[in-house]
K.L.:
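The structure is given below, and queries will be raised subsequently.
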Amino acid sequence: MSVRAGIIVTGTEVLTGRIADRNGPWLSGRLVELGVDVAHITICGDRPADLLAQLRFLTDQGVDLVVTSGGLGPTADDLTVATVAEFCRRELLLDPELEEHIAGIIRRYRPGTPDLDAGPTRIGIRKQAQVPAGATVLPPSGTAPGVVIPAVAGDRQVPTVVILPGPPGELQAMWPSAISSPAVAEVLARADDLQQETVRAYGLHEAQLAETLRRAEAEIPGLDRLEITTCLRHGELDMVTRFVSGDADVYRRLLDVLTEHHGHQIFSTDGSTIDDQLIGALDGRSIATAESCTGGLVAARLTDRPGSSAYVTGGVVSYSNDAKSDLIDVPAEMIAAHGAVSEQVAAAMAEGARRRLGADVAVSTTGIAGPGGGTEAKPVGTVCFGVAVDGRPTYTVTRRFPGDRERVRTLATTAALHLVVAQLERG
């Protein structure tokens, strides 16, 4: 790859796990779209020495671009700009226009602030208006401005550094300004026309895919020019391939080999998720859920995206036997005869939810997530599913999933979505 980048996420709260890192993966995705190879994502606390160590490391790796997030606020531990300026050997200078711009933002949103002209608030504003000499200021999307420091060539080479705020909304809003700044635009102009394609499979083991890729190496000239990574996530196997546009034919040959060997397991070659495909398969129909062991996780997946109210009517978490009977009309005698974890009950749950919630389609889950509750006939990991589609016989199936409670519930949730899509496409 002709252009490489490193990302530094700062913040002790991220380093200690109190807050999950949302900026690193988001920035990586945007850089890949621009043809940039992201070599490293690092996380460090709010200590200048640790940030300096990360900057030295990425510089030693020869990256062309460094993007930092966090540490741009008015408080004493917000030291990113000062630390990066020190690393780049650039003097910090007060930008009076920027100072008044930040003050104007605070006046607009916090008009009652008493110390805008003098006092702690003004000191914080002045701190945020300190800009490294020769740097480009990125207008704040909150109160913290971003900064772009151009690369330095010569005996002590320093990559272009982009300093962005920590709140994800502010960072994402500032990103267009960052990539259009002259110093970053110059770096991006050298990037390859990099493409990224994703193949998704369900029911395919990593070892099986690895064997197919080994065969492909012998059959397809130039395959080593493709960067192929695989990831098993939520029961699905993703294969992400990156390549320059000139190697598109090599990728197409690889896709032909994958389809030949695993066509019945591959459900997406265009990057679409099972969630995307479920919406397409519904084709204007509505869906409801009835969940026991998954505790609402299927409904959460279905309602995760904006606009889901157009096709999700609702969901019932019928965890107890009484709830199954009272809320979605599962006969108590059926539960007594077959057990709550049975295909008979799964069917009745799906049918009851579809009827009670006025949906065209309903999916149900009932199982033993563990760690206790299993028997020889129904061990931990046993989950029964039902898919009720208006005008058709209800489909049921029993699966057994490995792992702890969290993994069983996660795998069952993914399986439920795949079962719904399979039944709708079968029709």
K.L.:
To the nearest 0.5 Å, what is the distance between CD (E86) and CG (L79)?
P.N.:
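Here the interatomic distance stands at 10.5 Å.
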K.L.:
Using the six-membered ring wherever Trp is involved, compare the ring planes of H418 and Y202 and label them parallel, tilted or perpendicular (cut-offs 30° and 60°).
P.N.:
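It falls in the parallel class, under 30°.
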K.L.:
Looking at S318 and A323, would you say the former's side chain and the latter's main chain have a donor-acceptor pair under 3.5 Å?
P.N.:
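Checked: no pair found.
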K.L.:
Identify whether the distance between the nearest side-chain nitrogen and carboxylate oxygen of R214 and E211 falls below 4.0 Å.
P.N.:
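A salt bridge links R214 with E211.
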K.L.:
For D276, is there an ion pair with R305 - N to carboxylate O distance below 4.0 angstrom?
P.N.:
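Judged by the 4.0 Å cut-off on N to carboxylate O distance, R305 and D276 do form a salt bridge.
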K.L.:
Looking only at heavy atoms, which two atoms of Q130 and V81 are closest? And how far apart?
P.N.:
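Shortest heavy-atom contact: O-CG1, 3.7 Å.
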K.L.:
Please check if the side chain of R30 supplies one atom and the backbone of L27 the other of a donor-acceptor pair under 3.5 Å.
P.N.:
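Checking the backbone N and O of L27 against the side chain of R30, no donor-acceptor pair under 3.5 Å is found.
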K.L.:
When you measure from the side chain of S268 to the backbone N and O of V199, does any donor-acceptor pair fall under 3.5 Å?
P.N.:
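Side chain of S268 to backbone of V199: no pair is present.
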K.L.:
Got a sec: does the CZ of R22 have more than 12 other heavy atoms crowding it under 6.0 Å?
P.N.:
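Count not over threshold, so no.
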K.L.:
Where do C44 and I8 come nearest, in terms of heavy atoms and distance?
P.N.:
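Scanning both residues completely, I find the closest heavy atoms to be SG-CG2, 4.1 Å.
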K.L.:
Work out which heavy atom in A178 is nearest to a heavy atom in V162; give both atom names and the distance.
P.N.:
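So the two residues come closest at CB-CG1, 3.9 Å.
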K.L.:
Report yes if the side chains of L411 and P402 come closer than 4.5 Å at any heavy-atom pair, otherwise no.
P.N.:
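With C-beta onward as the side chain, the pair touches.
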K.L.:
Quick one: list whatever passes side-chain hydrogen bond (donor to acceptor under 3.5 Å, both in side chains) with D193, sequence neighbours left out.
P.N.:
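Listed in chain order: S245.
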K.L.:
Between Q208 and L237, is there a side-chain heavy-atom distance shorter than 4.5 Å?
P.N.:
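No, every pair of side-chain atoms sits at 4.5 Å or beyond.
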K.L.:
For the pair D238 and R200, find out whether any cationic side-chain nitrogen is under 4.0 Å from an anionic carboxylate oxygen.
P.N.:
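Between R200 and D238 there is a salt bridge, with a charged N closer than 4.0 Å to a carboxylate O.
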K.L.:
Nearest heavy-atom pair of A135 and V147: which atoms, and what distance?
P.N.:
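That closest heavy-atom pairing would be CB-CG1, 3.5 Å.
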K.L.:
Quick one: are F87 and V161 in side-chain contact, heavy atoms under 4.5 Å?
P.N.:
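With C-beta onward as the side chain, the pair stays apart.
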K.L.:
Evaluate R426 against Q423 for side chain to side chain contact (heavy atoms under 4.5 Å, CB included), listing each step before the verdict.
P.N.:
CA-CA 5 Å; R426 183 176 298 175; Q423 288 307 303; 3.3 Å; yes
K.L.:
Give, for atom CE of M349 and atom CZ of F385, the distance between the pair rounded to the nearest 0.5 Å.
P.N.:
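Atom-to-atom, M349:CE and F385:CZ are 11.0 Å apart.
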K.L.:
How long is the straight-line distance from CG of L302 back to CG of L278, given to the nearest 0.5 Å?
P.N.:
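Nearest 0.5 Å value for the CG-CG distance: 6.0 Å.
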K.L.:
Would the number of heavy atoms belonging to other residues, nucleotides or ligands and lying under 6.0 Å from CZ of R233 be above 12?
P.N.:
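No, the 6.0 Å shell around CZ holds no more than 12 heavy atoms from other groups.
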K.L.:
Could you tell me whether the side chain of E13 and the main chain of R18 form a donor-acceptor pair under 3.5 Å?
P.N.:
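Here the side-chain-to-backbone pair does not exist.
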K.L.:
Hey, could you give me the CG/OG1 distance between L417 and T413, rounded to the nearest 0.5 Å?
P.N.:
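It comes to 7.5 Å.
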K.L.:
Might you point out which heavy atoms bring L72 and Q128 nearest each other, and give the distance in Å?
P.N.:
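Heavy atoms only, the tightest pair is O-NE2, 3.1 Å.
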K.L.:
Before giving the answer on side-chain hydrogen bond (donor to acceptor under 3.5 Å, both in side chains), spell out for S320 and D322 the whole-Å C-alpha distance, their side-chain angles and the decisive distance to 0.1 Å.
P.N.:
CA-CA 5 Å; S320 70; D322 287 343; 5.4 Å; no
K.L.:
Apply the test side chain to side chain contact (heavy atoms under 4.5 Å, CB included) to residues I368 and K378: give CA-CA distance (whole Å), side-chain angles for both, the deciding distance (0.1 Å), then the verdict.
P.N.:
CA-CA 8 Å; I368 306 165; K378 299 176 183 178; 3.8 Å; yes
K.L.:
Atom CD of Q54 and atom OG1 of T68: how far apart are they, to the nearest 0.5 Å?
P.N.:
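If I round to the nearest 0.5 Å, the distance is 11.5 Å.
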K.L.:
Step by step, would you call K324 with T366 a side chain to side chain contact (heavy atoms under 4.5 Å, CB included)?
P.N.:
CA-CA 10 Å; K324 291 178 177 64; T366 177; 4.1 Å; yes
K.L.:
I need the minimum non-hydrogen distance between T414 and E236, along with the two atoms involved.
P.N.:
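For T414 and E236, the tightest heavy-atom pair comes out as CG2-OE2, 3.6 Å.
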K.L.:
Quick one: pull up CD in E197 and CG in L254 and give me the separation to the nearest 0.5 Å.
P.N.:
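Between atom CD of E197 and atom CG of L254 there are 11.0 Å.
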K.L.:
Under the 3.5 angstrom rule, does the side chain of S364 hit a backbone N or O of G386 as a donor-acceptor pair?
P.N.:
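The answer is yes, because a donor-acceptor pair under 3.5 Å joins these two groups.
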K.L.:
Go through the steps to decide whether T143 and Y109 satisfy the test side chain to side chain contact (heavy atoms under 4.5 Å, CB included), and finish with yes or no.
P.N.:
CA-CA 10 Å; T143 61; Y109 292 106; over 6 Å; no
K.L.:
Begin from the C-alpha positions of T136 and S181 and carry the test side-chain hydrogen bond (donor to acceptor under 3.5 Å, both in side chains) through to its verdict.
P.N.:
CA-CA 7 Å; T136 298; S181 65; 5.8 Å; no
K.L.:
Quickly, which of D46, T10, L164 forms a side-chain contact (heavy atoms from CB on, under 4.5 Å) with T80? Name it, please.
P.N.:
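Only match with T80 under side-chain contact (heavy atoms from CB on, under 4.5 Å): T10.
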